[in-house]
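Each remark here refers to the structure printed beneath this line.
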2 protein chains.
Amino acid sequence: MSQEASQDFSLGKVQVASSPQERFDEYLQSKGKRTTQQRRALVECVFEEHDHFDADELLEMISRHAEGAGVSRATVYRTLDELVEAGLLRKMDLGGRAVYEHDYGYPQHDHLYCQLCRKLIEFRSEELMAIRDAVAAKHSFRVTGHRLIVSGVCEECSHKRHRRHSPLDLI
Amino acid sequence: MSQEASQDFSLGKVQVASSPQERFDEYLQSKGKRTTQQRRALVECVFEEHDHFDADELLEMISRHAEGAGVSRATVYRTLDELVEAGLLRKMDLGGRAVYEHDYGYPQHDHLYCQLCRKLIEFRSEELMAIRDAVAAKHSFRVTGHRLIVSGVCEECSHKRHRRHSPLDLI
DNA sequence: ATCGATGCAAACTGTTTGCATATTT
DNA sequence: AAATATGCAAACAGTTTGCATCGAT
């Protein structure tokens with residue numbers, strides 16, 4: 001799952017023109033923003049591995065990752081917003097906290113969400129898109145995206161014994 | 001849309017045995033909890049009309065609704081949790097805040113979410129359920145429910161000119 | 001040198017909780 | 001009377017923001 005440097009961005013799915021770093025730089029330039037050490041470090045850290053994470057986890061990762069460079073909580077939040085706006089990350093709301101995942105060069109997909117271990121399992125479905133678009137059309141609704149989360153219990157957890165991670169989960 | 005008293009709970013879709021009040025009382029009893037004025041008032045208020053609402057809106061509604069009876073914010077939150085656990089309400093997370101809707105006697109459905117006016121439009125799709133279950137089966141995942149939110153712009157809003165309700169919306 | 005970015009801490013939003021008091025059974 | 005519910009205010013978690021300072025252009 002983990003890969004050393006951010007080099008292969010095809011991630012087995014969609015070919016993209018440039019690395020997340022390059023793409024982010026482009027975005028920053030276009031907005032008159034600057035390429036700083038912390039933004040650079042954050043992008044590197046975020047795209048090192050494809051996974052789901054929240055702001056706190058990224059904050060922790062970055063402090064472990066970049067040897068000397070510490071990035072403040074505020075900057076993490078600010079940069080996450082920028083990465084979303086730049087189209088590099090996708091944001092979703094899960095159980096009250098914001099969770100992020102790669103968007104750039106990554107195909108549309110949905111999730112199975114295990115209520116016990118909080119794991120997210122990705123899946124793709126063409127039919128789903130078709131249904132979505134058909135329904136939208138019926139309502140003259142212009143779709144910009146969708147989010148499907150199927151919640152339940154993953155295979156692993158249904159073997160272990162039932163202990164919740166948190167009492168009342170939003171799905 | 002609005003109806004005077006809570007009498008017809010078939011709501012045109014699914015027949016249910018008893019009113020939300022009765023159902024809630026049952027739940028409370030089974031848990032050794034008590035039927036209080038504020039719980040009664042809240043249920044009445046919640047089921048007066050089928051709509052989506054958050055805790056603050058309910059708090060406001062209840063203060064307008066029950067003439068003398070004020071219900072505290074804490075009790076609103078506590079009762080909402082109970083209503084969800086009793087199976088009367090469904091909770092979803094939309095843009096950071098919790099939004100509730102009728103569950104009891106109301107069929108499974110999903111939503112189109114207008115990013116401009118924040119309106120939720122309900123729709124039903126059998127195929128969707130089929131896809132959901134097929135995918136889950138493939139992953140040996142035990143489904144307890146799902147949430148699909150298709151976001152975009154509703155018909156009305158695509159006529160008006162583009163002004164967002166909030167800058168960065170979670171979907 | 002200029003103007004945007006960062007870090008810090010304080011502010012905020014939505015929600016939860018401890019505790020003394022009020023209510024239901 | 002016993003035990004649960006309520007209201008209040010304080011505590012919380014996650015996130016945002018004002019401001020002085022730092023750093024990229």
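Every chain is numbered from 1 and lettered A, B, ... according to where its sequence line falls, protein lines coming before strand lines. Computed from a predicted structure; not experimentally measured.
With sequence neighbours excluded, the residues that form a ring pair (Phe, Tyr, Trp, His ring centres under 6.0 Å) with A:His52 are A:His111. Qualifying side chain to side chain donor-acceptor pair (under 3.5 Å) partners for A:Arg34, counting only residues two or more places apart in sequence or in other chains: none. Residues that satisfy the side chain to side chain contact (heavy atoms under 4.5 Å, CB included) test with B:Glu60, not counting sequence neighbours, are B:Arg64. A search for salt bridge (Lys or Arg N to Asp or Glu O under 4.0 Å) contacts involving B:Asp51 returns nothing, not counting sequence neighbours. The side chain to side chain contact (heavy atoms under 4.5 Å, CB included) check on A:Ser72 picks up A:Ala74, A:Thr75, with sequence neighbours excluded. When the salt bridge (Lys or Arg N to Asp or Glu O under 4.0 Å) test is applied to A:Arg90, the partners found at least two apart in sequence or on another chain are A:Glu101, A:Asp103. Not counting sequence neighbours, the partners of A:Arg23 by the side chain to side chain contact (heavy atoms under 4.5 Å, CB included) test are A:Ser18, A:Leu88, A:Tyr104.
Comparing the end axes of the helix from C:dA1-D:dT25 to C:dT25-D:dA1, each fitted to five base pairs by superposing C1' atoms of four pairs onto the next four, gives an inter-axis angle of 30° (nearest 10 degrees).
A:Val150 forms part of a hydrophobic cluster together with A:Leu112, A:Ile121, A:Phe123, A:Leu128, A:Ile131, A:Val135, A:Phe141, A:Val143, A:Leu148, B:Leu112, B:Ile121, B:Phe123, B:Leu128, B:Ile131, B:Val135, B:Phe141, B:Val143, B:Leu148, B:Val150, judged by ILVMFWY side-chain heavy-atom separations under 4.5 Å.
Proximity of A:Lys91 to A:Asp81: side-chain heavy atoms (C-beta onward) are separated by under 4.5 Å at one or more points.
Spacing between atom CZ of B:Phe53 and atom P of C:dG14 amounts to 16 Å, rounded to whole angstrom units. Atom CG of B:Asp25 is separated from atom P of D:dT4 by 18 Å (rounded to the nearest Å). As a whole-Å value, the separation of B:Lys31 NZ from D:dA3 C1' is 18 Å. The distance between atom CD of B:Gln29 and atom C1' of D:dT4, rounded to the nearest whole Å, is 14 Å. The CZ atom of B:Arg39 sits 13 Å away from the C1' atom of C:dT25 (whole-angstrom rounding).
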All N/O contacts under 3.5 Å from nucleotides 20-25 of chain D to the protein, with atom names and distances to one decimal?
unit_1, atom_1, unit_2, atom_2, d
D:dG23, N2, A:Arg34, NH1, 2.4
D:dA24, N3, A:Arg34, NH1, 3.3

Would you list the protein and nucleotides 12-17 of chain D atom pairs, both N or O, that sit under 3.5 Å from each other?
unit_1, atom_1, unit_2, atom_2, d
D:dT15, OP1, A:Ala98, N, 2.9
D:dT15, OP2, A:Tyr77, OH, 2.7

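Between B:Val153 and B:Cys114, the shortest heavy-atom distance links the atoms CA-SG, 4.1 Å.
Contact between the side-chain N/O atoms of B:Thr75 and the OP1/OP2 oxygens of D:dG7 is found at a separation under 4.0 Å.
Listed by first and then second residue, the salt bridge (Lys or Arg N to Asp or Glu O under 4.0 Å) pairs that reach into residues 126-140 of chain A are A:Arg124-A:Glu126, sequence neighbours excluded.
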